[in-house]
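Heads up: the structure comes next, in structure tokens.
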Protein chains: 2
Amino acid sequence: MPQADAIAADDAVTPRQGEVLDAVLELLVEGRDTLTMTAVARRASCSKETLYKWFGDRDGLLTATVRWQASKVRAGNWDRQHLDADALAESLEAFAANWLTVISSKTSVALNRVAIAHAGSGRSDLGRIVLANGRFAIGERLKPLLEAAREAGLIAFNDAEAAFRTFFGLVGRDVQVRLLLGDGLVLSKAEIVADAERAVAQFLMLYGRRN
Amino acid sequence: MPQADAIAADDAVTPRQGEVLDAVLELLVEGRDTLTMTAVARRASCSKETLYKWFGDRDGLLTATVRWQASKVRAGNWDRQHLDADALAESLEAFAANWLTVISSKTSVALNRVAIAHAGSGRSDLGRIVLANGRFAIGERLKPLLEAAREAGLIAFNDAEAAFRTFFGLVGRDVQVRLLLGDGLVLSKAEIVADAERAVAQFLMLYGRRN
DNA sequence: CCCTAAGAGTACCGTACGGTACGGTTCGGC
DNA sequence: GCCGAACCGTACCGTACGGTACTCTTAGGG
């Protein structure tokens with residue numbers, strides 16, 4: 001796990017603090033420009049002084065929010081036993097569908113937006129944290145599956161990282177950037193499943209051992 | 001009020017206005033938080049009053065800047081004559097390399113960041129404009145090539161849009177989101193060329209007619 | 001029943017920035 | 001050489017927001 005801060009997440013977040021962070025997420029989803037400390041305090045029914053006491057400053061609050069959300073999104077496991085072609089496809093599809101669901105959620109879009117805006121202005125933990133918990137976390141979770149599949153003779157590749165990046169591209173395509181830029185793209189559950197199947201089929205056509 | 005003129009006159013940008021917009025791009029690249037009207041005026045050696053006269057307000061200035069940059073990035077043509085397998089691969093690689101070069105440029109990253117931040121806060125032309133001049137513009141330019149290649153019997157697909165999106169994913173992969181989030185990813189000219197070749201090879205493996 | 005601590009609510013301060021006003025300067029037209 | 005337009009530089013205004021201080025309420029502990 002190269003990104004050390006991927007899991008430095010929900011340490012010592014009291015339930016009440018969780019409520020506050022949920023309020024931040026709400027406001028974030030409603031529109032980034034409404035995210036003022038006063039608005040957070042009002043929404044969470046707490047005082048600004050408490051916000052500053054708990055989170056230090058505005059950046060600290062945002063950082064805690066990003067970590068808080070990351071700690072809530074954990075998914076995509078696979079069965080290490082009996083890995084045959086069907087099980088592989090199924091696991092990959094589960095990863096793909098989960099990933100598409102996450103990146104198309106309003107929360108993820110809003111959080112990525114604020115992290116990207118933050119990354120533009122010098123001092124930026126947010127971008128790094130989002131990357132560590134998003135793109136890199138899923139990479140580290142998926143690579144073992146890819147390598148197990150390779151050892152089982154189901155797929156072939158030299159570089160697991162490169163293979164994952166191809167998978168990533170086939171799954172995500174233009175979805176994330178379109179959502180971030182405000183395109184009115186909506187992914188239904190059915191479309192996500194179909195997209196996941198298509199992406200996995202394409203991936204296996206590129207990397208699968210001909211049988 | 002000359003405001004209407006200034007907004008509508010995104011095609012008729014005087015040289016002096018171009019200088020101002022270039023100054024905006026400079027500041028944008030240097031760090032988004034430094035982009036204040038005062039800073040623009042200082043950098044461009046013009047008065048704030050002139051900025052407001054020409055561009056209406058801050059959003060107008062940003063919009064003009066996005067359009068200005070878009071008007072500077074036009075590339076990726078292909079030879080309609082003699083379209084054989086080699087020519088197709090070459091054209092696709094040119095598209096891919098050009099696209100990678102654009103999205104990994106500091107200017108593009110900075111502009112996408114501000115557009116994304118803008119898209120978060122309700123009323124947002126910026127996101128739409130960036131999308132129209134980026135993702136969708138290249139799609140519209142590439143699809144004719146794909147369709148010509150299909151008619152030439154080089155590739156096979158039902159939906160040109162879907163084929164393009166796959167191409168888009170294979171080329172871009174995780175590059176754009178990583179750059180937007182501030183990952184220290186640098187693409188050398190050689191890597192871009194290699195990536196373009198890989199993406200095209202993969203695309204042709206998925207869509208190419210077996211020969 | 002008091003004492004203390006946590007925290008809600010609110011008033012307040014400083015500053016940064018969007019937007020405006022105005023005096024001074026340059027320059028093309030007559 | 002004069003006039004007006006364009007425009008630079010800058011001082012100025014209003015406001016929004018980050019951050020702080022202060023009061024008031026509530027809850028536990030003795």
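Order of the sequence lines sets the chain letters (A, B, ...), proteins ahead of strands, with each chain counted from 1.
Taking atom CG of A:D57 as the reference point, atom C1' of D:dT20 lies 14 Å away to the nearest angstrom. Separating the OH atom of B:Y52 from the P atom of D:dT10 is a distance of 17 Å, rounded to the nearest angstrom.
Here the side chains of A:F157 and A:E147 are in contact, with some heavy-atom distance below 4.5 Å. In this structure, the side chains of A:L25 and A:L21 stay at 4.5 Å or more apart for every pair of heavy atoms.
Formation of a donor-acceptor pair under 3.5 Å by the B:R165 side chain with backbone atoms of A:L170 is not found in this model. A distance-only check finds a donor-acceptor pair linking the side chain of A:T166 to the backbone of A:A162 [under 3.5 Å].
The aromatic rings of B:F203 and B:F167 lie perpendicular to each other, with more than 60° between the two planes, well past the 30° mark.
The shortest distance between the side-chain N/O atoms of B:W54 and the OP1/OP2 oxygens of D:dC7 is below 4.0 Å.
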Write down the protein N/O and nucleotide N/O pairs, taken from nucleotides 21-28 of chain D, whose separation is under 3.5 Å; answer none if there are no such pairs.
| unit_1 | atom_1 | unit_2 | atom_2 | d |
| --- | --- | --- | --- | --- |
| D:dC22 | N4 | A:E49 | OE1 | 2.1 |

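Among the atoms of the strands shown, none is found under 4.0 Å from any heavy atom of A:R42.
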- request: Begin from the C-alpha positions of B:T63 and B:D59 and carry the test side chain to side chain donor-acceptor pair (under 3.5 Å) through to its verdict.
  value: CA-CA 6 Å; B:T63 303; B:D59 274 9; over 6 Å; no

- prompt: Going through the checks in order, is the side chain to side chain donor-acceptor pair (under 3.5 Å) test met by B:T50 and B:S47?
  reply: CA-CA 5 Å; B:T50 302; B:S47 70; 2.8 Å; yes

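Taking the 5' to 3' direction, DNA chain C first and last meets chain A under 4.0 angstrom from a heavy atom at C:dG7 to C:dG9.
Residue pairs meeting the salt bridge (charged side-chain N to carboxylate O under 4.0 Å, His left out) criterion with at least one partner in residues 179-192 of chain A, sequence neighbours excluded, are A:R178-A:D183.
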